[in-house]
Trainee: 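Before we start, here is the structure in question, set down as structure tokens.
No hydrogens, no waters, no symmetry mates; every other heavy atom, side chains included, goes into these values. Counting starts at 1 for both ligands and their atoms, following the listed order.
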Amino acid sequence: MTDKQLRVSKIENGTVIDHVHGGQALNVLAILGIDGSGGEQVSIGMNVPSDTLATKDVVKVEGRELSQDEVDVLSLIAPDATINIVREYDVVEKHRVDRPETVTGVLSCPNHNCITNADEPVETRFAVLRDGVRCEFCEQIVREDIANHIGGD
Ligand code: CTP
Ligand code: ZN
């Protein structure tokens with residue numbers, strides 16, 4: 001990168017989610033439940049050049065160290081993401097996302113008759129399959145566009 005190119009600034013403390021497939025940055029924030037109302041400083045790079053992907057998105061969350069459980073859910077939409085924990089400007093931990101066995105409270109079920117869509121205090125839960133997710137209440141399978149189902153309650 002040359003000095004003429006603008007880059008997203010380094011962060012002091014927090015989490016950098018790197019190598020997100022181009023265009024998925026906003027879905028990453030949605031999955032993590034970050035909408036700005038929590039007061040975090042968030043920087044986003046979209047469709048920036050990458051060594052390993054054609055283009056990538058980068059999400060930097062200042063002041064918050066995301067747990068492995070939180071970031072594992074990202075594997076559904078960002079399977080190649082790298083999670084970097086930053087302290088005092090240094091990357092002190094770097095790991096990949098892992099596919100979790102289940103995802104709770106993140107996705108909504110597309111089946112209108114599902115109990116999770118009735119007026120009941122039931123949190124959504126999906127089993128993670130090799131090529132999609134399956135609702136643990138009604139067995140509905142979602143294979144494509146999982147990002148369209150973010151926002152489970
Ligand atoms: N980063 C940051 N703030 C810091 C340190 C790092 O925003 N204080 C970002 C970098 O811009 C990069 C990511 O965190 O997007 C990983 O940093 P680093 O490990 O230094 O970069 P690379 O070695 O290029 O990472 P990788 O090998 O994972 O591509
Ligand atoms: Zn369901």
Trainee: May I have the angle between Cys138 SG and Cys135 SG with its vertex at the Zn ion (ligand 2), rounded to 10°?
Mentor: 110°
Trainee: Is there a continuous path of hydrophobic side-chain contacts, each under 4.5 Å between heavy atoms, that joins Val86 to Val97?
Mentor: no
Trainee: Going by the atom numbers of ligand 1, which of them fall below 4.0 Å from some non-hydrogen atom of Val91?
Mentor: 5 (C), 6 (C), 17 (O), 19 (O)
Trainee: May I ask you to list the atoms of ligand 1 that are less than 4.0 angstrom from any heavy atom of Asn84?
Mentor: 13 (C), 16 (C)
Trainee: Could you give the distance from CD (Glu65) to CG (Asn13), rounded to the nearest 0.5 Å?
Mentor: 7.5 Å
Trainee: Taking the side chain as every heavy atom from C-beta outward, state whether Cys114 and Gln140 have any atom pair closer than 4.5 Å.
Mentor: no
Trainee: Below 4.0 angstrom from a heavy atom of Asp18, which ligand 1 atoms are there? Numbered from 1 as shown, please.
Mentor: 12 (C), 13 (C), 15 (O)
Trainee: N/O of Lys94 under 3.5 Å from N/O of ligand 1, yes or no?
Mentor: yes
Trainee: Taking side chain to side chain contact (heavy atoms under 4.5 Å, CB included) as the criterion, tell me which of Asn84, Leu32, Thr82 meets it with Ile17.
Mentor: Leu32
Trainee: Going by distance only, is there an N or O of Asp90 that falls short of 3.5 Å from an N or O of ligand 1?
Mentor: no
Trainee: In terms of atom number and element, which parts of ligand 1 are under 4.0 angstrom from non-hydrogen atoms of Val16?
Mentor: 1 (N), 2 (C), 7 (O), 9 (C), 13 (C), 14 (O)
Trainee: Measuring from the heavy atoms of His19, does anything fall under 4.0 Å of ligand 1?
Mentor: yes
Trainee: Between Ser37 and Asp35, do the side chains contain a donor N or O and an acceptor N or O under 3.5 Å apart?
Mentor: yes
Trainee: Grouping I, L, V, M, F, W and Y whenever their side-chain heavy atoms are under 4.5 Å apart, do Met46 and Val16 come out in a common cluster?
Mentor: no
Trainee: Please list the nearest protein heavy atom to atom 5 (C) of ligand 1 with its residue and the distance rounded to 0.1 Å.
Mentor: Tyr89 O, 3.6 Å
Trainee: For atom 8 (N) of ligand 1, tell me which residue out of Ile85, Val92, Ile11 has the closest non-hydrogen atom.
Mentor: Ile11
Trainee: Do you see a donor-acceptor pair shorter than 3.5 Å between the side chains of Asp80 and His21?
Mentor: yes
Trainee: In the single-linkage hydrophobic clustering (I, L, V, M, F, W, Y; side-chain heavy atoms under 4.5 Å), do Leu26 and Leu76 co-cluster?
Mentor: yes
Trainee: In the protein, what heavy atom is nearest to atom 11 (O) of ligand 1, and what distance, to one decimal place, separates them?
Mentor: Lys60 NZ, 3.4 Å
Trainee: Would atom 24 (O) of ligand 1 count as contacted, meaning some protein heavy atom under 4.0 Å?
Mentor: no
